[in-house]
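Each ligand, and each atom within it, is numbered from 1 in the order the structure gives. Hydrogens, waters and symmetry mates are skipped; everything else that's a heavy atom, side chains included, is used.
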Amino acid sequence: MSEIADQDLWLFGYGSLIWKPPPHYDLRLPGYIEGFVRRFWQVRSEDHRGTPEAPGRVVTLLERSFWESLTDQVSHASAPPKVWGAAYRIPAARVAEVTEYMNIREINGYTIQYTPFHSRADPAHTTTSQQTTDSTSIQSPIKCLVYIGLPTNPQFLGPQDPQALAEHIVASRGPSGENRDYLYELETALNELSPESGDEHVSDLARRCREVEMKAKGGEDEKK
Ligand code: BEZ
C-alpha cells in the first residue's frame, strides 16, 4: 500500500499532458518553464504513436545549454526561451495514485526532474475541477515535477532532419492513434495557452506533415 504524501504535487506537461490531463488534478494553470528546449527527438513505440517495429516520435525536453552545443540550430534556429505548457495540482491524498499512473503511462525513457514553473497568472485560462479553488492566491514560481528524456536514455534520438522527421511522423501510428495527430493536437493545445505560447519547432513540423499528407493525397487522386 502506497504512503499518503504530505504535500500536493505540481506536475508540468509540455506534451500530451497539455490536452490529456492526469487524473485527479484539482487545478490547471497555463504557464512556462525556462532553461529547456522542446524537440520531437524521443522514440515512442507500442504504448503510444507507433509500434515496436515502427516507433513513432514524441517530444522531450533538452537542457538549453546542451541544445546550444548541437548543430540543430541550422534547421531550427529558434528555440523560444520559455517552454509553454500546463501545470496540474494533484492533491496530497492522490499523489501516490497519480504518480503510479504517470509512471505507467509515461515513464518509459523519461526521468523525473523538478523545475520552477511560472504561471500565466490569468484566471480566465485557469481550469479548476472544483469551482471553489482560488487560483489567484497561488504564488508563482511553483516547484513542478517534469518528465525529461535525457540524452542518455535509449529512446533519445538527437538532432533530426525536420523533413525526414515529418515524413516519419506521417507514416507512424500505434494503439494511441496517428503520430501526426499527436503533433497537430500539440500545436493546437500550445496555441490555446497564450498569445505567445507557439513553438516554431512544433508548428514547422506540423506544416511539413500537412504538406506530406497533401502530396500523398494528390498522388492517390492521380492514380484514380
Ligand atoms: C508531457 O508533458 O506530456 C510529458 C512528456 C514526457 C513524459 C511525460 C509527460
Could you tell me whether Val59 and ligand 1 have an N or O pair separated by under 3.5 Å?
no
Is ligand 1 under 4.0 Å from a heavy atom in the side chain of Tyr14, in the backbone, in both, or in neither?
both
Per-atom contacts, ligand 1 versus Gly13 - under 4.0 Å to a heavy atom:
2 (O)
What's the spacing between Tyr110 OH and Phe156 CZ if we round to 0.5 Å?
10.5 Å
Between Val170 and Leu183, is there shared hydrophobic-cluster membership here, with clusters defined by ILVMFWY side-chain heavy atoms closer than 4.5 Å?
no
Taking the side chain as every heavy atom from C-beta outward, state whether Arg120 and Tyr32 have any pair of such atoms under 4.5 Å apart.
no
Nearest 0.5 Å, what's the CG-CH2 distance between Leu29 and Trp10?
4.0 Å
Stacked cation flag Arg57 on Tyr182, 6.0 angstrom / 45 deg:
no
Any nitrogen or oxygen of Tyr147, side chain or backbone, less than 3.5 Å from one on ligand 1?
no
If you measure every N or O of Met102 against every N or O of ligand 1, does any of those distances drop under 3.5 Å?
no
